[in-house]
Structures are given as C-alpha cells and as structure tokens.
Amino acid sequence: MNIGSLDRRVQIQRLGGDRNALGEIESSWSTITTVWGRIELSGGSEAVGDQLVSSKVTGTLTIR
C-alpha cells in the first residue's frame, strides 16, 4: 500500500447513550480513534419517488 495515498482523516465512532431525568435515552457519538484513510468511489445513482429524491454512492474506504 502506498502510504502517500492515505489523504483523508477518518474518525471511528461508537454510538452510545444515557438516560436523562425523564428516563428517555439520549444518543450521542463518541470518537474511539482517528486514522488516515483513502476513499475510492465506484459509482452512484439517484431516484425520485413519492416526492422524495434519494441518492446512493458506493465506494471503498481503506484505513491504516
């Protein structure tokens, strides 16, 4: 792997949560680590239906 191609900072995060005073769960993200990575996009598509526009992008994320 060419280490020079890792040109993006990627945060690995975990979803957690605590209960507030009313007993409801409040979700929050906590960062576990930050690493260098590369994103290679391979395709995408868009669709329109029920007055909504949705898009989808596929690709590969490589981290070290």
Side-chain angles (χ1 to χ4, degrees):
M1 171 188 338
N2 180 5
I3 198 165
S5 66
L6 304 178
D7 59 351
R8 302 280 191 258
R9 292 298 277 170
V10 179
Q11 289 185 344
I12 308 297
Q13 297 183 335
R14 176 182 296 144
L15 179 62
D18 290 323
R19 294 196 181 270
N20 63 15
L22 299 174
E24 302 167 328
I25 296 177
E26 293 183 347
S27 299
S28 63
W29 290 94
S30 60
T31 300
I32 298 171
T33 189
T34 302
V35 295
W36 286 102
R38 174 181 66 209
I39 300 172
E40 295 178 52
L41 301 178
S42 59
S45 63
E46 287 186 353
V48 178
D50 296 330
Q51 299 180 349
L52 295 174
V53 178
S54 63
S55 62
K56 178 180 178 181
V57 177
T58 58
T60 303
L61 174 65
T62 303
I63 60 173
R64 178 168 188 237

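These figures come from a predicted structure and were not determined experimentally.
- We find the CD-OG distance between E46 and S54 to be 8.0 Å, quoted to the nearest 0.5 Å.
- Within the 4.5 Å cutoff, side-chain heavy atoms of R9 are placed close to those of W36.
- Cluster annotation: I12 is not connected to L6 through the hydrophobic network of ILVMFWY side chains, with a link wherever side-chain heavy atoms come within less than 4.5 Å.
- At a cut-off of 3.5 Å, with distance as the only test, a side-chain donor of S5 or R38 sits close to an acceptor on the other residue.
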| Steps toward side-chain contact (heavy atoms from CB on, under 4.5 Å) verdict (S27, L15) | CA-CA 7 Å; S27 299; L15 179 62; 3.9 Å; yes
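- Side-chain atoms of N20 come within 3.5 Å of backbone N or O of L22 as a donor-acceptor pair.
- Under the 6.0 Å distance and 45° angle rule, R14 does not count as a cation-pi partner of W29.
- V10 is connected to L41 through a chain of hydrophobic side-chain contacts under 4.5 Å among Ile, Leu, Val, Met, Phe, Trp and Tyr, so both are in one cluster.
- Remark: N2 CG is packed, more than 12 non-hydrogen atoms of other residues, nucleotides or ligands lying under 6.0 Å away.
- Between the side chain of S42 and the main chain of T58, a donor-acceptor pair closer than 3.5 Å is present.
- Atom CG of D18 has 12 or fewer neighbouring heavy atoms from other residues, nucleotides or ligands inside a 6.0 Å radius.
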